[in-house]
Amino acid sequence: MKIFYYFAMILSIAISVVSFFAFGDLGYDILRLKINFGHFEDTSIHEIFRIIEGKKLFTSATVEYAPLLYGPVYFYVATPFALIFGKSFLAGRIVSCLSTALVCVFAYLLIKKFTRLSVRKNIYLAFVSLGLFFSANEIFDFWLYTAKVDALFLLFLVATFYFLLQSEIKYYCIFISAFFASLLFFTKQNGLILPLSIPLFLILLKQKKKALTFSAVFASFSIIFFLFFYFHSGDKFFTFFIGIPKSHPWLWKTYAPELAKFFLPTFGMFMLFLFTIFGTKIRNKRFRGLGLLVYQKLVKTKKNAHLVFFVFSFFLISFTGRMKAGAVGNSWIFFVYALSVFIMVLIGRYSEIYLRKEKNKWYFAHISAFYLLLFFQFYIFAYDYSIQKKHIAHLKGNEENSISLLCGFKSPMLFPFAGYLPEMLCGNRDVGFQQQSVLDLIRDKNEFNRFVTFYKSAIESGYYKTLIITTELPM
């Protein structure tokens, strides 16, 4: 039977190598682009340079600038890199790249913490885990190396959870966890789910003192950050950070099919995990006995409790991010990371048991099922590398023509997309708004009416002309 086990290991490594190559190669091509890859990149750079120029991030939308609904932390973190690299997308992309690199390190540390196996085995598990994570690159629109907030948000998310785990050994780590949790919230609004869940989780583990410590430290840092951003980022901070995102509708009918499509193997993996830890003990239990059994296996057994909380909390953050429109966008990236670690932790744990009990067919069946579900998840996440390669090559090939076109307009233009590109690439102060940012304003009647007033005045003045046809320009 061992030959099948080692074959599965080799196959998982081979698939992960392909995933790493595709991830790195496409990332290299994207980093070389002078124009934006997808939406929001140029607006992210705009917000970074507004900080450098001493302007406010959160003001009423005008034809020259419409704020994004993201929290301000990413833009402040990126300012030192903007001073180094100047007005280019690299200023924002480098933050995402560094965040992704650190997230990879945390994947190894989490697996090491959850499995407690040898260094060699943990390296294998972490490598395949990241291979699975990177194989979903297309699902989250290649946001791990673009000038957007998500990679940094993922870093804060993972750091919060990792230092929570570490606080079981080193109590002071709970302070570090609370600090990252506060940064998490002020990066993306749905990050609030984790710091609200952690105290409840700790109380369930009968660690009330630690729960109070975490809550107090989180609240203290959050108050400090809120006051700083409120007075430093503009008088519309609360409107754009809390008010408008809160008012957006739930989009369950639109995005629920993704849940079943992308994560079916994970649900199978989770059910198999529950079956293995409960076994046949659940068969003849009364209701009270069943509750005690669940408490014993999923709460009191901390190695299971932390793992389940890890997957469930990351799922909630992704779920609320994807199902509710606003500043949070496509958030499956966070759950994909958690499930990638989760799957390899289970494979690591049960592989170790199987190798110790070589003739036990029961454990062989379990590890076989885990590997089959892993390969199924790889298959579902897979994307056509060649199509993405050609798409990026097309953008690169038309790059100079696009820049020449942007810089060649004689009349001042209002761009209903990529509003900061003319200033970035041409030094042209006549810039436009980000269309998506304006659409977000619709739920705030006062702010939307203010923008419409600015827009009408700009057009009626005769100074600006509006560019509607955008097929020849970078989006």
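Below, each value reflects all heavy atoms present in this structure, side chains not excepted, and no hydrogens, waters or symmetry copies. Keep in mind that what you see is a predicted model, and the values were worked out from it rather than measured.
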Can you tell me if [X] has over 12 outside heavy atoms packed within less than 6.0 Å of its [atom1]?
X: Y379; atom1: OH; result: no
X: K112; atom1: NZ; result: no
X: Y76; atom1: OH; result: yes

Nearest heavy-atom neighbours spanning [X] and [Y]:
X: G131; Y: S19; value: O-OG, 2.6 Å
X: L339; Y: L132; value: CD1-CD2, 4.1 Å
X: S96; Y: K148; value: OG-O, 3.3 Å
X: T239; Y: E447; value: CG2-CG, 4.2 Å
X: G86; Y: A91; value: O-CB, 3.9 Å
X: A178; Y: F218; value: CB-N, 3.7 Å

State the [atom1]-[atom2] distance between [X] and [Y], to the nearest 0.5 angstrom.
X: L68; Y: L57; atom1: CG; atom2: CG; value: 9.5 Å
X: I174; Y: L202; atom1: CD1; atom2: CG; value: 5.5 Å
X: I15; Y: F375; atom1: CD1; atom2: CZ; value: 5.0 Å
X: R322; Y: N190; atom1: CZ; atom2: CG; value: 12.5 Å
X: K56; Y: K236; atom1: NZ; atom2: NZ; value: 14.0 Å
X: L204; Y: L200; atom1: CG; atom2: CG; value: 9.0 Å

Would you say the side-chain atoms of [X] pair up with the backbone N or O of [Y], donor to acceptor, closer than 3.5 Å?
X: S318; Y: S331; value: yes
X: T100; Y: L144; value: yes
X: S167; Y: L164; value: yes
X: E399; Y: K34; value: yes
X: S177; Y: C173; value: no

Practice prompt. Would you check if the distance from the ring center of F314 to the ring center of F310 is below 6.0 Å?
Written response: yes

Worksheet item: For the ring pair F185 and F241, is the centre-to-centre distance below 6.0 Å?
Response: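 Yes.
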
Practice prompt. Show your reasoning for whether side-chain contact (heavy atoms from CB on, under 4.5 Å) applies to L373 and I343.
Written response: CA-CA 9 Å; L373 288 168; I343 288 174; over 6 Å; no

Taking the side chain as every heavy atom from C-beta outward, state whether [X] and [Y] have any atom pair closer than 4.5 Å.
X: Q207; Y: F201; value: no
X: C104; Y: F134; value: yes
X: H306; Y: K113; value: no
X: R32; Y: I392; value: no
X: Y337; Y: S129; value: no
X: I111; Y: V341; value: yes
X: Y172; Y: T213; value: no
X: F21; Y: Y385; value: yes

Plane angle bin for [Y] and [X] - parallel if under 30°, tilted between 30 and 60°, otherwise perpendicular:
X: F142; Y: Y383; result: perpendicular
X: F335; Y: W332; result: tilted
X: F237; Y: Y230; result: perpendicular
X: F381; Y: F263; result: perpendicular
X: F334; Y: F153; result: perpendicular
X: F161; Y: F114; result: tilted
X: F225; Y: F186; result: perpendicular

Worksheet item: Charged N to carboxylate O below 4.0 Å: is that the case for D29 and K389?
Response: yes

Worksheet item: Are R50 and E47 within salt-bridge range, i.e. N to O under 4.0 Å?
Response: no

Practice prompt. Check the pair Y70, S44 against side chain to side chain donor-acceptor pair (under 3.5 Å), reporting the backbone distance first and the verdict last.
Written response: CA-CA 10 Å; Y70 293 116; S44 294; over 6 Å; no

Discussion item. For a quick check under 3.5 Å, do N137 and Y145 share a side-chain donor-acceptor pair by atom type?
Written reply: yes

Discussion item. Is it true that H46 and D42 share a donor-acceptor pair across their side chains at a distance under 3.5 Å?
Written reply: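 The answer is no; no qualifying pair exists.
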
Worksheet entry | Within 45° cone of F49 ring axis and under 6.0 Å: K87 NZ or CZ |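 Output yes; distance and angle both within limits.
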
Discussion item. Can you confirm if the NZ or CZ of K55 lies within 45° of the ring axis of Y65 and under 6.0 Å from the centre of its six-membered ring?
Written reply: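 Judged by the rule, K55 and Y65 form no cation-pi pair.
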
Worksheet item: Can you list the steps and then say if F221 with F180 is a ring-ring contact (aromatic ring centres under 6.0 Å, His included)?
Response: CA-CA 9 Å; F221 278 122; F180 279 115; 9.9 Å; no

Fill in: Check against side-chain contact (heavy atoms from CB on, under 4.5 Å), V149 and W143
CA-CA 8 Å; V149 307; W143 286 3; over 6 Å; no

Worksheet entry | Criterion ring-ring contact (aromatic ring centres under 6.0 Å, His included) on F127 and F20, from CA distance to verdict | CA-CA 9 Å; F127 182 77; F20 267 86; 4.7 Å; yes

Worksheet item: Given the rule in the side-chain contact (heavy atoms from CB on, under 4.5 Å) test, do L109 and F106 qualify, once you have shown the distances and angles that lead to the verdict?
Response: CA-CA 5 Å; L109 294 175; F106 274 116; 4.1 Å; yes

Worksheet item: Checking side-chain contact (heavy atoms from CB on, under 4.5 Å) for the pair Y162/L110: CA distance, chi angles, key distance, verdict?
Response: CA-CA 7 Å; Y162 175 74; L110 285 170; 4.0 Å; yes

